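Bear in mind the structure is a predicted one, so any value in this text is a computation, not a measurement. Numbering of ligands and ligand atoms starts at 1, following listing order. Counting begins at 1 with the first residue of the sequence.
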Amino acid sequence: MSQQRVLIIGAGQAGGQLALQLRQKGFTGSIDLLGEESSAPYERPALSKGILTGKQTTEDLLLCPAAAYSEQDITLHLKTRVKQLDLANRQVHTGNGQTLEFDILVFATGATPRPLPLPGSDLPGVHLLRTDADAMAIKRQLQDASTIAIIGAGFIGMEVAASARSLGIATHVMETGPRIMSRSLPAFLADKITELHTSQDNRIHCNAGLKGFNGKDQVTAVEFQDGSELKVDAVIVGIGVTPNTQLAETAGLACDNGILTDARGQTSVPDVYAIGDCAASYLPRYARQQRLESYQNANLQAENVVANILGTHSEYNPVPWLWSDQYHWQIQTLGFPAEAEQWLQRGTLESDRKEIHLGFTGGKLNTVVSIAEGTAAAADVKVLQRLIEMDAQPDTDQLCNPDIKLKALLKQTKN
Ligand code: FAD
């Protein structure tokens, strides 16, 4: 087993973590990590936050310095796109003419931002945001911008708006749906976050009927369906992503909005795994295939597949967690907030510096959304994650009382 050859397609967060952890946990076979970008594996969350505001540099985002891969006997192939997969002969063919062989293959190909199918979307100054290069291009434009439009009010769009506002730029978020973050949050929480943004003078336009973008050598305006225009210096489009499954689909792997895997991370083909944004994994806790797009998911799925490659049976069964920093507030979610049937609240942002919304389905606590000043809710969310993992159902009066420590409820549950 240990002399096998592992090949990873995609040198992003999940692929990089898998390579590093595999070696750290004692795998002695060869590891080839292939990625089409020119940077060594890095974490993306700061691309919409600290990179745009100048608080972080792209070097800060690297999982480890590029030299550490060769020091750990990991062959990192940058600027290398895998073009074709030959499963019968266990080979991949790259765009630069190489053929590499493997015994175990891991897809960590991530996702691609969806382009906006509107006239003028290809004008200079209309940006998508996925890579460090995208973020640096946006950062350069923000330096001279006075007004920008953000198309799409998901987490990334709202983070970009917050970053740009903190630089003093006028921001307009255009959302074609009736409210912000509609895929991930229930309406009352979307309204709360809308209020936070409007308190910072970010203008949010829901039900926006967009016609396209105007400009000659550079975008200069957003045009609406009624013919009116908003003058802008740049546009950032954040309308979701498509998982990178083309290679897997062509090779015959089962896919359905992601490469389908079992809870071990294995695809429909033995010894072929998929992790991170490209994978639609079976989540036993929710009894369904689910694609997750988060930092935690990329790390934990890498860890899970490392264990399985090393022969320890491991099943990925998370309570999904993600965070989003917007202005000086941090939003965290556990589970799938858009699906909860009933909500209770613990504390308020105004009096407790944090408010925690507790979501229930079938009477069971299974979802959380916290809104807090900075990391004020971080410890609480960790305890709630543990409670949900344990399927504990603490008394709701106690749960909603901010004077009762959640740690005490966890302790009670354990006893
Ligand atoms: P990626 O990191 O995208 O890596 C995939 C890599 O595979 C890419 O480098 C791609 O070029 C490469 N690739 C694809 N196809 C091929 C091929 N055929 N050959 C070679 N290489 C290939 N999550 C949070 O939890 N909190 C946050 O606040 C947060 N903020 C975010 C902000 C931004 C701007 C973005 C873009 C994401 C954010 N995320 C956040 C999500 C998180 O970063 C992703 O879930 C995570 O990066 C997924 O890792 P991955 O390795 O699956 O994909």
query: Taking all atoms of both residues into account, what is the closest heavy-atom pair of L78 and E37, and its distance?
result: CB-O, 3.7 Å

message: Which of the numbered atoms in ligand 1 are under 4.0 angstrom from any heavy atom belonging to A298?
response: 49 (O)

- line: I9 heavy atoms within 4.0 Å reach ligand 1 at atoms 17 (C), 19 (N)

statement: Quick look: F155 vs ligand 1, heavy-atom contacts under 4.0 Å, and the answer is neither

field: Side chain, backbone, both or neither: K83 near ligand 1, heavy atoms under 4.0 Å
entry: neither

field: Candidate with minimal heavy-atom separation from atom 43 (O) of ligand 1, of R130, R44, E43
entry: R44

task: Do me a favour and list the nearest non-hydrogen protein atom to atom 53 (O) of ligand 1 with residue, atom name and distance?
output: G110 CA, 3.4 Å

field: Mutual orientation of the aromatic rings belonging to Y327 and W329 [parallel < 30°, tilted 30-60°, perpendicular > 60°]
entry: perpendicular

- request: Please identify which atoms of ligand 1 are closer than 4.0 Å to at least one heavy atom of G12.
  value: 2 (O), 4 (O), 6 (C), 51 (O)

field: Shortest non-hydrogen contact from T80 toward Q98
entry: CG2-OE1, 4.3 Å

query: Would you say C278 and ligand 1 have an N/O pair spaced under 3.5 Å apart?
result: no

- prompt: Has K25 got more than 12 heavy atoms of other residues, nucleotides or ligands less than 6.0 Å from its NZ?
  reply: yes

query: Quick one: nearest non-hydrogen protein atom to atom 27 (C) of ligand 1, plus distance?
result: W323 O, 3.4 Å

- prompt: Charged N to carboxylate O under 4.0 angstrom, D391 versus K364?
  reply: yes

query: Counting each atom of ligand 1 from 1 as listed, which ones have a heavy atom of E159 under 4.0 Å away?
result: 28 (O)

- prompt: Do any N/O atoms on Y295 end up under 3.5 angstrom from N/O atoms on ligand 1?
  reply: yes

query: Would you say L322 and ligand 1 have an N/O pair spaced under 3.5 Å apart?
result: no

task: Mind listing the closest non-hydrogen atom pair of D233 and S146 along with its distance?
output: OD2-N, 2.7 Å

message: For atom 35 (C) of ligand 1, what's the nearest protein heavy-atom neighbour? Residue, atom name and distance, please.
response: I156 CD1, 3.5 Å

- request: May I ask you to say whether K192 pairs ionically with E350, meaning some side-chain N is under 4.0 Å from a carboxylate O?
  value: yes

Sub-3.5 Å N/O-N/O distance, W321 and ligand 1: no

field: Minimum-distance pair of heavy atoms, taken over all atoms of Y282 and Q289
entry: N-NE2, 3.4 Å

Nearest-option assignment for atom 21 (N) of ligand 1, heavy atoms, candidates Q13, Q17, E36, Q301: E36

task: Work out which heavy atom in R90 is nearest to a heavy atom in P270; give both atom names and the distance.
output: NH2-O, 3.4 Å

message: Quick check against the 3.5 Å criterion: does S121 have a side-chain atom that pairs as donor or acceptor with the backbone of P117?
response: no

query: To the nearest 0.5 Å, what is the distance between CD (Q17) and CG (L33)?
result: 11.0 Å

task: Identify which of E37, K49, Q326 has a heavy atom lying nearest to atom 30 (N) of ligand 1.
output: K49

- prompt: Are R130 and E36 ion-paired here, with the side-chain N under 4.0 Å from a carboxylate O?
  reply: no

message: Heavy atom to atom 6 (C) of ligand 1, shortest distance: which of G35, G15, A108 holds it?
response: A108

statement: among protein heavy atoms, the one nearest atom 20 (C) of ligand 1 is T80 O, 3.3 Å

message: I need the atoms of ligand 1 closer than 4.0 Å to a non-hydrogen atom of V82, numbered in the order shown.
response: 17 (C), 18 (N), 19 (N), 20 (C)

query: Is atom CZ of R288 surrounded by more than 12 heavy atoms (other residues, nucleotides or ligands) closer than 6.0 Å?
result: yes

field: Greater than 12 external heavy atoms within 6.0 Å of K139's NZ
entry: yes

- prompt: Which atoms from ligand 1 have a heavy atom of G276 less than 4.0 Å away?
  reply: 52 (O)

Options S48, P320, A135, P45, ranked by nearest heavy atom to atom 40 (C) of ligand 1, top entry: P45

- prompt: Does any N or O atom in D277 lie less than 3.5 angstrom from one in ligand 1, N or O only?
  reply: yes

- prompt: So, is S294 polar-close to ligand 1, with some N/O to N/O distance under 3.5 Å?
  reply: yes

field: atom 51 (O) of ligand 1 - nearest protein heavy atom and its distance
entry: A14 N, 2.8 Å

task: Mind checking the CG-OG spacing from N202 to S166? Nearest 0.5 Å is all I need.
output: 11.5 Å

query: Which residue and non-hydrogen atom of the protein lie closest to atom 14 (C) of ligand 1, and at what distance in Å?
result: T109 O, 3.1 Å

task: Just need the protein heavy atom nearest to atom 7 (O) of ligand 1, so name the residue and atom and give the distance.
output: G10 CA, 3.2 Å

